[in-house]
Amino acid sequence: MFVDRDELRTAFENLTALPFPAHPDDIELADWVLELAEIDGHIAGLATGALGASRPQTIKSHAATSHLARLRDIRVVGDDECMYDACIVYAQAVERVESALNGGSRAGC
């Protein structure tokens, strides 16, 4: 199956328009953000390659989805609450790019 280039381009442009979350004080959230940076770089590299390919093949990646699920288990209070919300927004954007690479809305076809 091939990647829907328009879906991927839209998801990737939306991701790159977002600022990467700042470093939080909460240790568990800070570790999560560091892992997000690695996943973000990996997914961005895959997206860039797919957008430059003549017939990009879909991939099977669930790193962003799994990572986002882990974020939902972290409980943050105080000053990092807004940071937590920013992390969710950013991680969801990475997840949308990953989904597009996986075949997006056509993945079940």
Side-chain angles (χ1 to χ4, degrees):
M1 181 182 325
F2 297 103
V3 171
D4 180 330
R5 197 175 301 230
D6 291 333
E7 183 178 355
L8 177 59
R9 183 176 293 109
T10 298
F12 191 59
E13 287 173 354
N14 290 339
L15 172 63
T16 58
L18 293 173
F20 190 83
H23 188 77
D25 292 327
D26 180 88
I27 292 171
E28 189 176 12
L29 185 57
D31 287 345
W32 186 92
V33 169
L34 287 175
E35 290 176 31
L36 176 64
E38 292 177 23
I39 293 169
D40 179 42
H42 178 70
I43 297 296
L46 291 172
T48 301
L51 288 170
S54 60
R55 291 179 50 127
Q57 296 281 329
T58 59
I59 62 161
K60 297 296 177 222
S61 175
H62 302 286
T65 301
S66 298
H67 198 60
L68 180 58
R70 284 190 34 239
L71 176 62
R72 295 184 194 285
D73 292 334
I74 298 174
R75 297 294 162 238
V76 176
V77 295
D79 294 340
D80 283 334
E81 287 184 59
C82 289
M83 180 64 56
Y84 179 86
D85 293 340
C87 288
I88 287 178
V89 169
Y90 196 88
Q92 287 172 334
V94 175
E95 185 181 43
R96 282 189 290 278
V97 173
E98 182 182 63
S99 175
L101 288 165
N102 284 335
S105 57
R106 300 178 309 158
C109 298

[X] to [Y] - nearest heavy-atom pair and separation:
X     : Y      : answer
Ala86 : Pro21  : O-CG, 4.2 Å
Arg55 : Arg5   : N-NH2, 4.0 Å
Pro24 : Val33  : CD-CG2, 4.0 Å
Ala93 : Leu18  : CB-CD1, 3.6 Å
Val3  : Ala100 : CG1-O, 3.8 Å

Look up atom [atom1] in [X] and atom [atom2] in [Y], then write down how far apart they are to the nearest 0.5 Å.
X     : Y     : atom1 : atom2 : result
Leu46 : Leu51 : CG    : CG    : 11.0 Å
Thr10 : Leu15 : OG1   : CG    : 12.5 Å
Thr58 : Asp4  : OG1   : CG    : 12.0 Å
Asp31 : Arg70 : CG    : CZ    : 8.5 Å
Ile39 : Trp32 : CD1   : CH2   : 7.5 Å
Asp80 : Glu28 : CG    : CD    : 11.5 Å

Would you say [X]'s side chain and [Y]'s backbone share a donor-acceptor pair under 3.5 angstrom?
X      : Y     : answer
Thr16  : Phe12 : yes
Tyr84  : Leu71 : yes
Asp26  : Val76 : no
Asn102 : Ser61 : yes
Arg96  : Glu7  : no
Glu98  : Ala63 : yes

Take a 6.0 Å sphere around CG of Leu34 and say whether it holds more than 12 heavy atoms from other residues, nucleotides or ligands. yes
Hey, is CG on Asp79 packed in by over 12 heavy atoms from elsewhere, all under 6.0 Å? no
A side-chain contact here means heavy atoms from C-beta on lying under 4.5 Å apart; do Leu68 and Val94 qualify? no
Should Leu8 and Val97 count as side-chain neighbours, where that means a heavy-atom distance under 4.5 Å? yes
Taking only Lys NZ, Arg NE, NH1 and NH2, and the carboxylate oxygens of Asp or Glu, determine whether Arg9 and Asp6 approach each other closer than 4.0 Å. yes
Which class fits the ring pair Tyr90 and Phe20: parallel under 30°, tilted 30 to 60°, perpendicular over 60°? perpendicular
